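What follows is a set of notes on a single structure, which appears directly below.
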Amino acid sequence: MLLPFKHVLGAAGTFLWRRLSWAARSELRARVPTRGRGERNRGLEDFSARLAAGPTLQHFLRNTSPPQETHPQLEEEPEPYLTSSILEEARRKVYLETYGCQMNVNDTEIAWAILRKSGYLRTHHSTTDCRFSWLPREKAEQAIWNRLRHLTALKSKRLRSQAPLRIGILGCMAERLREEILHKEKLVDIVAGPDAYRDLPRLLAVAETGQQAANVLLSLDETYADVLPVQTSPDATSAFVSIMRGCDNMCSYCIVPFTRGRERSRPMASILREVKLLSDQGVKEVTLLGQNVNSFRDTSEVQFRSAAAPGLSRGFSTIYKAKEGGLRFAHLLDQASRVDPEMRIRFTSPHPKDFPDEVLQLIRERHNICKQLHLPAQSGSSRILEAMRRGYTREAYLELIQHVRDSIPGVSLSSDFIAGFCGETEDDHQQTVSLLRQVRYNVGFLFAYSMRQKTRAYHRLQDDVPAEVKRRRLEELISVFREEATRANGAMVGRSQLVLVEGPSKRSAAELCGRNDGNIRVIFPDTEMEDGTGSGAVVRAQPGDYVLVKVTSASSQTLKGVLLRRTTLRESAAHR
């Protein structure tokens, strides 16, 4: 009976049929009789009546319209393809295991908010009913493969009296590796891409029938604006707040536009609501998160849709036409910093092209916006930067660095670098070495180039730098970075640093760990100190406290010091 169904409804019917859950399709098949022409006609009438009463094509397309502002506490109707019996049976325990970048951490919190609303229970036991992992960069991919094989072995040994173990992979790299994970290795039951987390309850319902379930469709407008992420660490002093998804820059080495889709920004009102909620929960530091945060453009408010596009940093260009209209990043940063004067605001990751003077001026003036910028360079060679499609030269990048340091005295800088990109010569490599020495970053993230399918480099360039050469160049870059970072951080020795206490140091229970304004780790003894009120009382530092630490030594990654007293952001800013 499927052929007449598809034939009559055409492509729309096929699409609708595929979007129905396995259980719903089975029910439709079961309710269409196959004996006798009269019975068959009555079955078709019954089928048509049930189809008319079920979900329509518009139901599945409703989210393709421009996102509307939605209060996060409003109750949503359950999806019509999720019956009450399926939802009741689905209330099982889930274990979330996150690897990789900050975006994966935030995605974990979004997915958990969706699962919790559908009745799932969170557990911290790895042998629970359902397990989800977010895939990381290549460096940790082998560990993930090993982990999946280990879980598959546990799954095969599970007693029949226990609920079956279901394994899922979520995130952007799940999309890239779905065929190998699902069909070749057959290690997981569920694969969900970064725009499919709302579909997790349905995917789990399908997996409960013993089938594999996957949804890696990308969206042009999904920002999860109405989903309030649930903190995976309720006692954490800091949190990530996603402000946009996807990327339009199309750098030739980067797979993000293909795994996370086109750039779209979350409505600013929902971002500020989340920041306020985190403040009310006692969070002391928020990082505004996205693939290219400083190109944020909220078009949800009609009155701002005709606003002119801001200019790019001097000497920078893009491969796409500048987009007009919308509230921009400077406005968001301004409003976010006003939510709680005692809450630090950071943001990552930006592209160097999007740093108008109003953003730099705002960072300089607001005491709770951290004086720390991530300016990913990727290479110190203009020739390689052109091959990477970065939109700037070495000279333009260095001019921006100088402008940033003139605008924000004492700013801490971090960067990304790729060793051994396609066509990189020894001279290109040495230009990157010299850039590291010239800028002297406080924090660095350095990687050997690894070609990804779908990228422009995969189709247009040749990965012609031998692996051993990549390793040698990466080791040299790391060595130079550490040498220069030690000097940069050494300038803080003898000075007081404002530190947000995170908790005990991993190496010693007698020491505490936190981060300064420049996002550098600071270690100090867990001793009594002045309470900061001037009363003469002494206290011990607790996670979430701001304290002053006098730096006594520095390395490329860590500052060490002695605890002085407890303080506040406002008080610390007043004594700068």
Side-chain angles (χ1 to χ4, degrees), residues 100-101 135-142 172-173 175-180 216 218 246-263 291-292 295 312-313 315-321 349-354 374-398 415-436 444-478 480-481:
C101 65
L135 285 179
R137 301 175 188 239
E138 186 194 28
K139 182 179 179 182
E141 275 188 27
Q142 188 55 51
C172 58
M173 294 184 71
E175 188 276 339
R176 181 171 68 85
L177 298 172
R178 68 186 185 279
E179 291 297 324
E180 188 172 0
V216 294
L218 294 177
C247 184
D248 288 348
N249 286 321
M250 301 297 289
C251 300
S252 62
Y253 56 82
C254 185
I255 199 171
V256 166
F258 305 98
T259 57
R260 286 196 175 268
R262 302 302 299 271
E263 195 172 279
Q291 304 298 150
N292 189 23
S295 65
L312 299 177
S313 303
F316 288 69
S317 63
T318 66
I319 65 168
Y320 59 84
K321 183 179 179 181
S349 251
H351 190 289
K353 65 181 174 60
D354 295 309
H374 186 64
L375 292 168
Q378 308 300 355
S379 175
S381 164
S382 294
R383 190 181 71 85
I384 295 300
L385 289 170
E386 183 178 6
M388 290 178 168
R389 303 181 91 191
R390 289 292 290 170
Y392 53 87
T393 62
R394 173 193 177 95
E395 290 73 26
Y397 180 85
L398 285 171
S415 190
D416 297 337
F417 287 94
I418 297 173
F421 185 69
C422 305
E424 184 185 77
T425 65
E426 195 61 31
D427 180 64
D428 295 322
H429 168 64
Q430 290 303 322
Q431 289 184 55
T432 302
V433 170
S434 69
L435 184 69
L436 282 167
F445 304 92
L446 300 94
F447 307 93
Y449 176 64
S450 175
M451 183 171 277
R452 291 286 189 266
Q453 292 184 8
K454 298 184 180 181
T455 62
R456 181 181 177 87
Y458 180 81
H459 293 290
R460 303 289 183 88
L461 303 177
Q462 185 177 354
D463 188 8
D464 54 0
V465 179
E468 62 272 16
V469 175
K470 289 181 183 178
R471 284 194 295 270
R472 190 257 303 165
R473 290 177 182 173
L474 176 61
E475 289 170 2
E476 185 175 354
L477 293 181
I478 292 173
V480 171
F481 159 73

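The structure displayed is predicted, hence computed values, not measured ones. We're numbering straight along the sequence, starting at 1.
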message = Applying ring-ring contact (aromatic ring centres under 6.0 Å, His included), can you list everything that pairs with Y458, at least two apart in sequence or on another chain?
response =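 ring-ring contact (aromatic ring centres under 6.0 Å, His included) check on Y458 returns nothing, list empty.
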- Report the residues that fulfil ring-ring contact (aromatic ring centres under 6.0 Å, His included) with F481, sequence neighbours left out, ordered by chain and then residue number.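 In terms of ring-ring contact (aromatic ring centres under 6.0 Å, His included), with neighbours along the sequence ignored, F481 is linked to no residue.
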To the nearest 0.5 angstrom, please state how far the [atom1] atom of [X] sits from the [atom2] atom of [Y].
X	Y	atom1	atom2	answer
L435	Q378	CG	CD	11.5 Å
L385	Q431	CG	CD	9.0 Å
R262	D248	CZ	CG	4.0 Å
N249	D354	CG	CG	7.5 Å
Q430	E476	CD	CD	5.0 Å
R452	C254	CZ	SG	10.0 Å

> Around atom CD of E386, are there more than 12 heavy atoms of other residues, nucleotides or ligands at under 6.0 Å?
Replying inline: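 No, because the 6.0 Å sphere around CD of E386 holds 12 heavy atoms or fewer from other groups.
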Output yes when a side-chain donor or acceptor of [X] lies under 3.5 Å from a complementary backbone atom of [Y], and no otherwise.
X	Y	result
N292	H351	yes
S313	P352	yes
K470	Y449	yes

Item to check | Contacts of E468 that satisfy salt bridge (charged side-chain N to carboxylate O under 4.0 Å, His left out) - sequence neighbours left out | outcome: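 Checked E468 against salt bridge (charged side-chain N to carboxylate O under 4.0 Å, His left out); zero matches.
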(Q) Restricting to salt bridge (charged side-chain N to carboxylate O under 4.0 Å, His left out), what partner residues turn up for K353, sequence neighbours left out? (A)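 Applying salt bridge (charged side-chain N to carboxylate O under 4.0 Å, His left out) to K353 gives none.
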Derivation of the side chain to side chain contact (heavy atoms under 4.5 Å, CB included) call for M388 and I418
CA-CA 10 Å; M388 290 178 168; I418 297 173; 4.1 Å; yes
Taking all non-hydrogen atoms of both residues, which atom of [X] and which atom of [Y] are closest, and how far apart?
X	Y	answer
S382	E395	OG-OE1, 3.5 Å
S434	R394	OG-NH2, 2.9 Å
C422	I384	O-CD1, 4.0 Å
T455	S252	CB-O, 3.3 Å
F417	S379	CD2-N, 4.1 Å
P257	C247	CB-O, 3.5 Å

Tell me, which pairs form a salt bridge (Lys or Arg N to Asp or Glu O under 4.0 Å) where one or both residues lie in residues 418-430, sequence neighbours left out?
->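 Salt bridge (Lys or Arg N to Asp or Glu O under 4.0 Å) check on residues 418-430 returns R383-D428, E424-R473, E426-R472, E426-R473.
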Discussion item. Assess the residue pair F421 and H429 against the criterion (side chain to side chain contact (heavy atoms under 4.5 Å, CB included)); give the C-alpha distance rounded to whole Å, side-chain angles, the decisive distance to 0.1 Å, and a yes or no.
Written reply: CA-CA 10 Å; F421 185 69; H429 168 64; over 6 Å; no
Would you check, one step at a time, whether the test side chain to side chain contact (heavy atoms under 4.5 Å, CB included) holds for L474 with L446? CA-CA 7 Å; L474 176 61; L446 300 94; 3.8 Å; yes
Just checking F445 against H374, ring centres under 6.0 Å apart?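 They qualify: ring centres under 6.0 Å apart.
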Q: Can you label the angle between the Y392 ring and the F316 ring as parallel, tilted or perpendicular, going by 30° and 60°?
A: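 Tilted.
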| Within-4.5 Å side-chain heavy-atom neighbours: L461 and Y253 |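 No, every pair of side-chain atoms sits at 4.5 Å or beyond.
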Checking R389 now: which residues fulfil side chain to side chain donor-acceptor pair (under 3.5 Å) with it, not counting sequence neighbours?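 So R389 forms no side chain to side chain donor-acceptor pair (under 3.5 Å) with any residue.
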